[in-house]
Amino acid sequence: VIDQRPEGITAGCMQVEALLEGFALDRSVLEDVMLRLRREMEKGLHVHTNMEASVKMLPTYVRSTPDGSEVGDFLALDLGGTNIRVMVVKTGTDEVGTWKVETKVQVYSIPKDTMTGTAEMLFGFVAECIANFLEKHNMKERKLPLGFTFSFPVKHQDLDKGILMKWTKGFKASGAEGNDIVNLLREAIKKRRDIEMDIVAMVNDTVATMVSCYYEDHNCEIGLIVGTGCNTCYMEEMRNVEMVEGDEGRMCINTEWGAFGDTGELEDLWLEYDRRVDEMSLNPGKQKFEKSISGKYMGELVRLLMLKMVKQGLLFWGKASDALTTWEYFDTRHISLIESDGPELQQTSMVLKNMGMEPTEADCELTWRACNAVSTRASLLCAAGVAAVVTKIRENRGLECLSITVGVDGSLYKQLPHFKQRLRVAVSELAPECKVTFLQSEEGSGRGAALISAVACKMACRTTC
Ligand code: BGC
């Protein structure tokens, strides 16, 4: 693993080393994580073991053979983080036959109480955002096909029909779990009476990201999100997808690997900070793998580690400021600033001063090391996941070598200065038979949903025309 420590960082003593040691994962541990994940993935794919699998391997009904799509305007809606994004995507072809997309985008931030209120409130708010967007762009009179990126675990019965299994990432709106999400959105839109929408597809953000990158690079058969949450999808052989009838071709599987560890498979890896973050979350016992990697929890892991250092008298002369003792005060933006700091650690010092501390040089160095330990572990665990998935695809296809592209999105992946590089290097070490390219997606969630909708519209026309 590469050490990006700015020159001169040396702070540490036996106690510090012992605390940080817990976050270190060597190659054999990571290989073991890969094996355990593979085991859960297999369980998830088989009808008889799916119930007990932590990794649910959800069929998405997005298949491998999109042979053409409708040309025109689509509305895309993206719900899954702290914002709702609404956009218009124009799909079409150019002279070489590839897809072109042009977008108008609007971002709406979701009030916290709407995320944790009722489903009616949440979907009412979503419908309001759509209406506002259409109004702004003079499109209220048009009944556009809508592609909906909904970034939660959904058990699909078809492309436009799926039951929310459970909320994740700080969402908790009552009355949604166990219900068809497309229906909830349709009802909320109908209730308003001022807009009309034709919802043609609902997809996970991993799937939308993979599809949007596929149009740039036809080797893209994996979608990865490392943002508020963490998850991946990939193209699986239909013969292995026991939950859906048919053996021909491939179907995209939303792994929902964030729940890896929820049946105790990773207990030996978790540290006291992981357990605390889990206990304090809205979904204790759930999404354990996600909680060790993603942006919603990373700041907390660092903060708890720093508090432990304070308690042991290693940091800030043993005294924590109010901010440092405040739940969720510290977040990924702070980690980004600290990890991208130069040798003088001026940004680190600034972050700590803004938190009401008067840091010494050694305090800054230790803070840097705490961030580094947590974010490095996250990138390595994520790498073990990607390595497990590419290895599975390689074996599925009976190949000695596999060349494959992963479409990636997510704030943590984009913002943390060393995450990409650590992920890439670790994947190449853990899956040396695979040549893995990472392709960063821009607005992939929305564009992907629109592209999938465009294909779905064409298919619908084919069966009814
Ligand atoms: C959700 C996934 C989603 C991921 C990234 C997780 O919490 O369960 O469905 O893909 O976050 O947004």
Side-chain angles (χ1 to χ4, degrees), residues 37 40-41 44 53-62 77-85 110 115-116 147-156 162-173 176-178 181-182 201-213 222-234 252-262 277-278 281-298 300 332 378 381-382 385-386 389 406-416 419 423 440-441 443-446 448-449 452:
L37 178 58
E40 289 307 308
M41 288 169 68
S54 60
V55 180
K56 286 296 179 212
M57 305 295 278
L58 303 169
T60 62
Y61 291 80
V62 171
L77 175 70
D78 184 4
L79 171 65
T82 43
N83 296 321
I84 292 176
R85 306 168 87 78
I110 313 173
M115 285 158 82
T116 53
F148 180 21
T149 304
F150 183 69
S151 311
F152 300 94
V154 166
K155 195 172 235 161
H156 277 265
I163 307 282
L164 173 64
M165 300 170 71
K166 59 177 188 210
W167 285 118
T168 59
K169 299 178 286 199
F171 279 75
K172 200 81 195 166
E177 288 177 344
I181 293 302
V182 174
M202 172 170 61
V203 291
N204 189 259
D205 50 354
T206 54
V207 183
T209 299
M210 180 190 80
V211 169
S212 82
C213 288
I222 301 181
L224 171 68
I225 302 287
V226 198
T228 312
C230 181
N231 188 21
T232 196
C233 71
Y234 73 102
C252 179
I253 295 293
N254 167 14
T255 66
E256 285 296 332
W257 79 12
F260 179 37
D262 290 6
V277 163
D278 181 46
S281 69
L282 278 179
N283 52 352
K286 302 274 191 295
Q287 301 293 102
K288 302 288 275 282
F289 193 55
E290 170 164 279
K291 284 172 183 162
S292 65
I293 299 175
S294 78
K296 171 130 186 79
Y297 311 98
M298 187 179 277
E300 263 313 288
T332 323
L381 286 172
C382 186
V386 173
V389 173
V406 182
V408 203
D409 209 339
S411 49
L412 196 126
Y413 180 86
K414 287 178 170 167
Q415 282 167 21
L416 270 200
F419 195 91
L423 179 69
Q440 194 163 307
S441 133
E443 293 292 359
S445 268
I452 292 165

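Positions are given from 1, in the same order as the sequence printed here. In each ligand, atom 1 is the first atom listed, and ligand 1 is the first ligand listed.
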**Complete:** Note: ligand 1 atoms sitting under 4.0 Å from heavy atoms of E256 are 1 (C), 2 (C), 8 (O), 9 (O)

**Request:** Taking only heavy atoms of T168 into account, list the atoms of ligand 1 that are under 4.0 Å away from them.
**Result:** 1 (C), 6 (C), 7 (O), 8 (O)

**Residue and atom name of the nearest protein heavy atom (relative to atom 11 (O) of ligand 1), distance in Å to one decimal** = K169 NZ, 3.1 Å

**Asked** Which residue and non-hydrogen atom of the protein lie closest to atom 6 (C) of ligand 1, and at what distance in Å?
**Response** E290 OE1, 3.0 Å

**Complete:** The side-chain contact (heavy atoms from CB on, under 4.5 Å) partner of L37 among V55, L381, T255 is V55

**Among I225, D205, N254, L224, closest by any non-hydrogen atom to atom 12 (O) of ligand 1** = D205

**Asked** If you measure from the Lys or Arg side-chain nitrogens to the Asp or Glu carboxylate oxygens, is any gap between E290 and K296 under 4.0 Å?
**Response** no

**Prompt:** Does an N or O anywhere in N231 fall below 3.5 Å from an N or O of ligand 1?
**Reply:** yes

**G80 heavy atom under 4.0 Å from ligand 1** = no

**Asked** In terms of ring plane angle, is the pair W257 and F289 parallel, tilted or perpendicular, where the classes change at 30° and 60°?
**Response** perpendicular

**Item:** Residues in side chain to side chain donor-acceptor pair (under 3.5 Å) contact with S151, at least two apart in sequence or another chain
**Value:** D205

**Prompt:** With side chains defined as the heavy atoms from C-beta onward, is the minimum distance between S445 and R85 less than 4.5 Å?
**Reply:** no

**Prompt:** What pairs with E177 under side chain to side chain contact (heavy atoms under 4.5 Å, CB included), at least two apart in sequence or on another chain?
**Reply:** L164, K166, W167

